2 protein chains.
Amino acid sequence: MVRMVRVSTRDEILRVAGEQFARVGFKGTSLQDIAVEVGCSKAALLYHFAGKEQILLALVATAEAALTGLLADLDGLDAPAAQALAIERFVDLVLEFRREAALVYEVVPQFHSEPAFGTVLAEADKLCVLITAGSEDPAAIIAAQTVLHGIVNVAIDDKWDAAELRPALLRVARRALITTPHHDKD
Amino acid sequence: MVRMVRVSTRDEILRVAGEQFARVGFKGTSLQDIAVEVGCSKAALLYHFAGKEQILLALVATAEAALTGLLADLDGLDAPAAQALAIERFVDLVLEFRREAALVYEVVPQFHSEPAFGTVLAEADKLCVLITAGSEDPAAIIAAQTVLHGIVNVAIDDKWDAAELRPALLRVARRALITTPHHDKD
DNA sequence: GTCTATATCAAGATAGAC
DNA sequence: GTCTATCTTGATATAGAC
């Protein structure tokens, strides 16, 4: 009932490609590299996906679905509550989808032409607004972007495990971003 | 006396390559792309530099020299003073060498095999230690890396100018990283 | 110091066998 | 569903003219 003995080749491709895209970039990863690590041929890759870019799209779709869910949960809350929850949920999201998060924040911006990535970038922007509690102050926006990018960057490398990262990232994000006097500790 | 009318082709190559490497990555930038923007031929590029990788090395050398100077200035200070100054000087350094900083923190780590980059990575680590005030606490190290990476990432994009970024980055870095009760405001 | 070839190689992608 | 060719393109790099 564990159903992990034999993952589908398609899922295996996504796993390997996600890891390599996040580590050495989209252009830095060749189909050859992915095929070798998956243990199949380039042609087998291209049976499962219509091209390298389609692999990236599939990975980003995963991240986008999760991000959409997060935004839906924050909808309707007042600004301070949304900010606090946004920080916590964002950290959890990044820890769950480490590689996909790195893709959204680092490789997707390089494809600004591609309309398929428009929605996920717009959602990342929305999240940033919620985390600044809607502030128009450039300093607040810069602070939020600094922390969001920093979190994603740190989460990429496998030096730290999620159990260590979670409290540390929550702490730094709250100290840096939450302006109200309460909630500064936990 | 302005001496900006005609920069050398070599400097122009470095400027353009630095911008493109930071924006779309090392692998994502072709000699063709650089040559077009510089307004010369690929062959002219390869007259000035022995290869694409040599251009990257020259850019990183600039960043490394600045980083070495920064570390020398911090040498001998006690931990809290070194931490405060490290934060301020790091922000100034990143703003002065935006693209080079992005290279050190994002593309150089992908060349972990290359021994030529060993020293600059070691120096970036030293800086991280100074900024944690020597703490062994994983949470402190994670916080420092989060902020350092975040600062570099935000500084890459030209949406903000240095005058706006400097106070905002200093503020977020201090709030996130300085543990002593004083100095939390300025 | 810069350009016009051109060599060489690896990448993404396709066709068709198994 | 996966493999063995093979095609096409574009990238780095070299040689030699100007």
Side-chain angles (χ1 to χ4, degrees), chain A residues 3-61 103 106-108 110-111 113-117, chain B residues 3-61 103 106-108 110-111 113-117:
Chain A
R3 185 62 76 202
M4 277 188 186
V5 187
R6 182 54 179 140
V7 283
S8 71
T9 302
R10 190 174 188 280
D11 289 345
E12 189 62 8
I13 291 169
L14 285 175
R15 191 187 62 78
V16 169
E19 191 273 322
Q20 298 202 13
F21 288 167
R23 187 159 47 83
V24 294
F26 180 74
K27 298 283 281 270
T29 304
S30 73
L31 293 181
Q32 189 72 255
D33 297 333
I34 300 169
V36 167
E37 197 172 321
V38 169
C40 68
S41 67
K42 275 195 290 180
L45 253 51
L46 293 164
Y47 164 78
H48 290 283
F49 296 93
K52 193 165 89 159
E53 198 165 313
Q54 296 302 312
I55 302 178
L56 178 60
L57 282 166
L59 288 164
V60 171
L103 296 180
E106 296 194 18
V107 349
V108 165
Q110 300 174 4
F111 285 78
S113 53
E114 194 68 47
F117 293 132
Chain B
R3 186 62 75 203
M4 276 189 186
V5 186
R6 182 52 179 141
V7 284
S8 71
T9 303
R10 191 176 187 280
D11 289 346
E12 190 60 11
I13 292 169
L14 286 175
R15 189 186 64 78
V16 170
E19 190 274 322
Q20 298 202 12
F21 288 167
R23 187 160 46 83
V24 294
F26 180 74
K27 298 282 284 267
T29 304
S30 73
L31 292 182
Q32 189 71 255
D33 297 333
I34 300 170
V36 167
E37 198 172 320
V38 169
C40 70
S41 68
K42 280 192 288 180
L45 254 50
L46 293 164
Y47 164 75
H48 291 283
F49 296 93
K52 194 166 89 161
E53 197 165 314
Q54 297 302 311
I55 303 179
L56 178 61
L57 282 166
L59 287 164
V60 171
L103 296 180
E106 296 195 17
V107 348
V108 165
Q110 300 174 5
F111 285 77
S113 52
E114 195 67 46
F117 293 132

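Chain letters run A, B, ... following the sequence lines, proteins first, then strands; residues in each count from 1. None of these values were measured; they are calculated from a predicted model.
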Requested in this report: Please report the shortest heavy-atom distance between A:Ala17 and A:Ile34, naming the atom on each side.
Outcome: CB-CD1, 3.9 Å

Query raised in the report: Between CG of A:Leu31 and CZ of A:Phe49, what distance do you get to the nearest 0.5 Å?
Result: 11.5 Å

**Report entry** Rounded distance (Å) that lies between atom P of D:dT12 and atom CD1 of B:Ile34
**Finding:** 8 Å

Query - Atom-to-atom span, CG of A:Leu56 to P of C:dG12 - whole angstrom - result: 13 Å

Requested in this report: Calculate the interatomic distance between A:Phe26 atom CZ and C:dG12 atom C1'; express it in whole Å.
Outcome: 10 Å

Query raised in the report: Is there a donor-acceptor pair closer than 3.5 Å between any side-chain N or O of A:Lys52 and the backbone N or O of A:Thr29?
Result: yes

Report task. Find the distance A:Lys27:NZ to D:dT9:C1' and express it as a whole number of Å. Result -> 13 Å

Query raised in the report: Looking at the side chain of B:Thr9, which of D:dA13, C:dT2, C:dG12 is the nearest nucleotide?
Result: C:dT2

Query raised in the report: Given C:dT2, C:dG12, D:dT12, which nucleotide is nearest the side-chain atoms of B:His48?
Result: C:dT2

Requested in this report: Strictly below 4.0 Å, heavy-atom distances to any atom of DNA chain C: list the hits from residues 18-25 of chain A, or just say none.
Outcome: none

Query - Length of the line joining B:Ile13:CD1 and C:dG1:P, which is rounded to integer Å - result: 12 Å

Requested in this report: Nearest 0.5 Å please: distance from the NZ atom of A:Lys42 over to the CG atom of A:Asp33.
Outcome: 10.5 Å

Requested in this report: Starting at atom CZ of B:Phe49, determine the distance to atom P of C:dG1, rounded to an integer number of angstrom.
Outcome: 13 Å

Requested in this report: Pick base, sugar-phosphate or nothing for B:Leu46, based on heavy-atom distances below 4.0 Å to the nucleic acid.
Outcome: base

Report task. State the CD-CG distance between A:Gln54 and A:Leu45, to the nearest 0.5 angstrom. Result -> 13.0 Å

Query raised in the report: Roughly, in whole Å, what's the span from NZ in B:Lys52 to P in D:dT12?
Result: 5 Å

Query raised in the report: If only side-chain N and O atoms of B:Tyr47 are considered, is one of them under 4.0 Å from the OP1 or OP2 phosphate oxygen of C:dT2?
Result: no

Query raised in the report: Between OG of B:Ser8 and CG of B:Leu14, what distance do you get to the nearest 0.5 Å?
Result: 8.0 Å

Query - Rounded distance in Å - CG (A:Leu31) to P (D:dC3) - result: 14 Å

Report summary line: Distance col, row A:Arg15:CZ vs A:Gln20:CD, nearest 0.5 angstrom, shows 10.0 Å

Query raised in the report: Looking only at heavy atoms, what is the nearest atom pair of A:Gly51 and A:Leu46, with distance?
Result: CA-CD2, 3.8 Å

Query raised in the report: At what distance, to the nearest 0.5 angstrom, does CD of A:Glu37 lie from SG of A:Cys40?
Result: 11.0 Å

Report task. May I ask you to list the residues of residues 37-44 of chain B, by number, that have any heavy atom positioned under 4.0 Å from an atom of DNA chain C? Result -> B:Cys40, B:Ser41, B:Ala43, B:Ala44

